[in-house]
Amino acid sequence: MTTALIYLVVMLLVAAVVFLLAAVVFGRGEELAPLPPGSSPTRLPAEDITADDVHGVRFQLALRGYKMSEVDWVMRRLGVEIDELKARVGELEAEREAAR
């Protein structure tokens, strides 16, 4: 009985290793073709970022998720855009108050 249990445990371990190895080698079945090294699919316009631009952002896949440098870059760009929009809203509100 214990021999059968040991065989079962070993078979499960071998199956798990084979599955993980295949997942690492073949990826998660992405639809996009692999990019050449050093290139990036991450694109944002230089100014006036819209919701469609944000929805269209794609990040290069890395071993454990997305490439952190690309995600950080997009977050910085969106932060700058939001700060500029808030500053412009503040200016317009101040002009409106001054006009009253």
Side-chain angles (χ1 to χ4, degrees):
M1 180 66 180
T2 50
T3 305
L5 186 59
I6 290 173
Y7 284 139
L8 180 63
V9 169
V10 169
M11 285 176 44
L12 288 175
L13 287 174
V14 168
V17 168
V18 169
F19 175 79
L20 290 175
L21 183 63
V24 167
V25 169
F26 297 111
R28 293 178 277 179
E30 297 95 40
E31 295 178 14
L32 298 175
L35 295 171
S39 65
S40 171
T42 308
R43 303 278 187 261
L44 281 176
E47 295 177 350
D48 300 327
I49 296 173
T50 65
D52 290 335
D53 296 329
V54 175
H55 290 295
V57 169
R58 297 291 175 257
F59 297 106
Q60 185 175 358
L61 294 175
L63 182 61
R64 295 185 61 186
Y66 295 112
K67 198 169 180 183
M68 288 295 283
S69 60
E70 292 179 1
V71 175
D72 291 342
W73 176 78
V74 168
M75 297 305 287
R76 279 192 304 272
R77 286 278 296 114
L78 291 175
V80 167
E81 188 77 17
I82 289 169
D83 289 343
E84 289 174 357
L85 290 172
K86 284 185 175 183
R88 182 66 181 144
V89 166
E91 290 172 6
L92 293 174
E93 287 177 348
E95 287 177 10
R96 186 180 68 187
E97 289 296 325
R100 286 186 187 185

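Any value given below was found using the heavy atoms of this structure, including those in side chains, with hydrogens, waters and symmetry copies removed.
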**Message:** Checking Val71 now: which residues fulfil side chain to side chain contact (heavy atoms under 4.5 Å, CB included) with it, not counting sequence neighbours?
**Reply:** Phe59, Tyr66, Met75
**Results of side chain to side chain contact (heavy atoms under 4.5 Å, CB included) for Leu78 - residues two or more places apart only** = Ile49, Val54, Val74
**Prompt:** Which hydrophobic side chains are connected to Val18, either touching it within the sub-4.5 Å cutoff or through other members that do?
**Reply:** Ile6, Val10, Val14
**Asked** Which other residues end up in the same hydrophobic cluster as Val9, if Ile, Leu, Val, Met, Phe, Trp and Tyr are linked when side-chain heavy atoms come under 4.5 Å apart?
**Response** Leu13
**Prompt:** Which pairs count as side chain to side chain donor-acceptor pair (under 3.5 Å) when at least one residue sits in residues 2-17, sequence neighbours excluded?
**Reply:** none
Ignoring hydrogens and angles, write down the donor-acceptor pairs under 3.5 Å from the side chains of residues 89-98, residues two or more places apart or on other chains.
residue: Glu91; atom: OE1; partner: Arg88; partner atom: NH1; Å: 3.3

